[in-house]
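Here's the structure, in structure tokens; my notes come after.
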There are 2 protein chains.
Amino acid sequence: MTISEVSKKFDMSPDTLRYYERIGLIPPVPRNKGGLRDYDEDSCGWIEFIKCMRSAGLPIEALIEYVKLFREGDDTIPARLEILLEQREILLEKIASINSTLERLDYKIEFYRSGKMRECENKLNLK
Amino acid sequence: MTISEVSKKFDMSPDTLRYYERIGLIPPVPRNKGGLRDYDEDSCGWIEFIKCMRSAGLPIEALIEYVKLFREGDDTIPARLEILLEQREILLEKIASINSTLERLDYKIEFYRSGKMRECENKLNLK
DNA sequence: GCTTGACATGGAGTTAACTCCAAGTGTTAT
DNA sequence: ATAACACTTGGAGTTAACTCCATGTCAAGC
């Protein structure tokens with residue numbers, strides 16, 4: 001697959017795909033005789049994986065480290081596991097934080113809808 | 001309260017507090033005779049509110065708009081409600097995305113722990 | 001009166017994560 | 001064979017959200 005095909009398939013810009021490759025966020029992509037990228041199954045798998053992780057906000061830095069370890073072989077499994085566990089914790093915290101903000105948002109939305117703002121804004125310290 | 005007290009109370013740097021004020025993310029903070037910030041109840045309420053919203057990732061731009069509308073009075077309640085509803089949707093999407101990444105992460109963690117990676121890495125396209 | 005220390009301001013610098021650009025190359029269509 | 005076009009690279013530019021810095025002021029202690 002060419003870079004523009006992959007770009008459409010995953011809805012990511014060619015620039016982002018090249019950027020991810022050059023910083024080591026995905027392993028080097030195979031090239032054809034002309035030097036153009038020719039994405040195979042494996043490359044696509046990496047892109048899909050990275051896209052998923054990035055969509056949840058995992059930092060690029062942690063993912064680069066993970067990819068680097070992956071490419072070093074099975075000896076790095078404990079280190080990879082540690083990265084995953086660490087990021088898992090961070091995601092749990094993120095969800096907790098979003099949930100509490102959501103509750104607050106819902107509460108405010110209810111107030112705005114019920115037109116009860118006037119008497120509550122100051123008393124209840126609602127912003 | 002002085003800026004350093006507020007800084008400790010909310011665990012935010014004085015620079016961030018001043019930054020928030022100058023971009024309009026919080027209304028102007030009252031000053032004492034010497035021109036130093038003297039945070040009152042209301043200012044602290046805004047900071048706490050903004051901190052909560054930012055912790056969930058609401059963009060500063062949207063919050064500035066919300067604060068601006070708030071300060072313009074009750075006529076802007078519908079517009080404010082719209083911002084809140086829009087951001088609520090975004091948070092729901094964010095949670096969904098994080099949850100699906102979490103599932104994937106848990107699955108991988110289980111694999112790494114069970115030592116079954118060798119036979120699965122390539123077949124199942126696990127990265 | 002002088003120094004110290006917290007705080008003020010405007011503006012520059014930083015970081016993460018892209019995004020864009022200029023100059024060059026290889027394949028395809030006419 | 002020449003033009004068009006997708007792609008290449010290295011490097012510069014952008015955006016969001018801070019963070020830092022130089023310079024200046026004011027209040028308090030010695």
Side-chain angles (χ1 to χ4, degrees), chain A residues 1-26 28-40 43 46-47 49-68 83 87 90-91 94 97 101, chain B residues 1-40 43-44 46-47 49-68 83 87 90-91 94 97 101:
Chain A
M1 297 180 89
T2 70
I3 197 169
S4 65
E5 288 167 342
V6 174
S7 162
K8 275 158 205 152
K9 175 167 180 172
F10 293 108
D11 193 32
M12 300 167 75
S13 80
D15 265 318
T16 299
L17 292 172
R18 281 187 286 256
Y19 167 69
Y20 278 4
E21 184 179 352
R22 86 169 131 182
I23 65 175
L25 190 46
I26 58 170
V29 174
R31 308 304 178 103
N32 65 18
K33 330 82 208 142
L36 305 204
R37 289 175 180 78
D38 183 17
Y39 292 81
D40 58 12
S43 292
W46 276 106
I47 289 164
F49 168 65
I50 292 296
K51 188 187 178 182
C52 174
M53 295 299 128
R54 285 291 303 133
S55 81
L58 296 233
I60 279 184
E61 199 187 349
L63 294 169
I64 288 175
E65 177 67 8
Y66 180 82
V67 173
K68 176 177 150 277
I83 291 177
Q87 294 302 321
I90 293 172
L91 289 189
K94 224 181 240 188
S97 169
T101 299
Chain B
M1 292 180 91
T2 69
I3 197 168
S4 66
E5 287 166 342
V6 174
S7 163
K8 274 159 207 154
K9 174 167 180 172
F10 294 108
D11 192 30
M12 301 167 75
S13 80
D15 266 318
T16 298
L17 293 172
R18 281 186 288 253
Y19 167 68
Y20 278 3
E21 184 178 353
R22 86 170 131 179
I23 65 174
L25 189 47
I26 59 170
V29 174
R31 310 301 180 104
N32 63 20
K33 333 77 213 142
L36 303 204
R37 288 175 182 78
D38 183 16
Y39 293 81
D40 58 11
S43 292
C44 286
W46 276 106
I47 289 165
F49 169 64
I50 292 296
K51 188 187 178 183
C52 175
M53 296 298 129
R54 286 290 304 131
S55 80
L58 296 233
I60 278 184
E61 199 188 348
L63 294 169
I64 288 175
E65 177 67 10
Y66 181 84
V67 173
K68 175 178 151 276
I83 292 177
Q87 294 302 320
I90 293 172
L91 289 189
K94 223 180 240 189
S97 168
T101 300

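Throughout, protein chains are lettered first and strands after them, A, B, ... in sequence-line order, and every chain is numbered starting at 1.
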Donor-acceptor contact present, side-chain Ser7(B) to main-chain Met12(B), <3.5 Å: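 Indeed, once roles are kept as given, a pair shorter than 3.5 Å links the two residues.
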Check this one for me: any side-chain N or O of [X] less than 4.0 Å away from OP1 or OP2 of [N]?
X        : N       : value
Arg31(A) : dT9(D)  : yes
Tyr20(A) : dA17(C) : no
Arg37(A) : dT8(D)  : yes

Using atom [atom1] of [X] as one end and atom [atom2] of [N] as the other, report the distance to the nearest whole Å.
X        : N       : atom1 : atom2 : value
Ile64(A) : dA16(C) : CD1   : P     : 10 Å
Arg54(A) : dA17(C) : CZ    : C1'   : 7 Å
Asp38(A) : dT8(D)  : CG    : P     : 10 Å
Leu25(A) : dT19(C) : CG    : P     : 14 Å
Leu36(B) : dA27(D) : CG    : P     : 8 Å
Ile23(B) : dG11(C) : CD1   : P     : 16 Å
Ile60(A) : dT15(C) : CD1   : C1'   : 12 Å
Leu17(B) : dT9(C)  : CG    : C1'   : 16 Å

To the nearest 0.5 Å, what is the distance between [atom1] ([X]) and [atom2] ([Y])?
X        : Y        : atom1 : atom2 : value
Cys44(B) : Lys9(B)  : SG    : NZ    : 4.5 Å
Ile3(B)  : Arg18(B) : CD1   : CZ    : 4.5 Å
Asn32(B) : Thr2(B)  : CG    : OG1   : 10.0 Å
Lys51(A) : Thr16(A) : NZ    : OG1   : 10.5 Å

If you assign each of Asn32(A) and Tyr19(A) to its closest nucleotide in DNA chain C, which residue comes earlier from the 5' end? Tyr19(A)
With sugar-phosphate meaning primed atoms plus P, OP1 and OP2, does Arg22(B) contact a base, only sugar-phosphate, or nothing at under 4.0 Å between heavy atoms?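 Touches a base.
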By the 4.0 Å heavy-atom rule, please label Arg18(B) as base, sugar-phosphate, or nothing.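 Contact class for Arg18(B): base.
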Hey, which sits more toward the 5' end of DNA chain D by its nearest nucleotide, Lys33(B) or Pro59(B)?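 Nearest nucleotide further toward 5': that of Pro59(B).
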Is there a residue in residues 2-15 of chain B whose heavy atoms reach under 4.0 Å of DNA chain D, and which residues are they? Asp15(B)
Might you point out which heavy atoms bring Leu63(A) and Leu58(A) nearest each other, and give the distance in Å? CD1-O, 4.0 Å
Under a 4.0 Å threshold between the charged nitrogen and the carboxylate oxygen, would Glu61(B) count as salt-bridged to Lys68(B)?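 Glu61(B) and Lys68(B): not salt-bridged.
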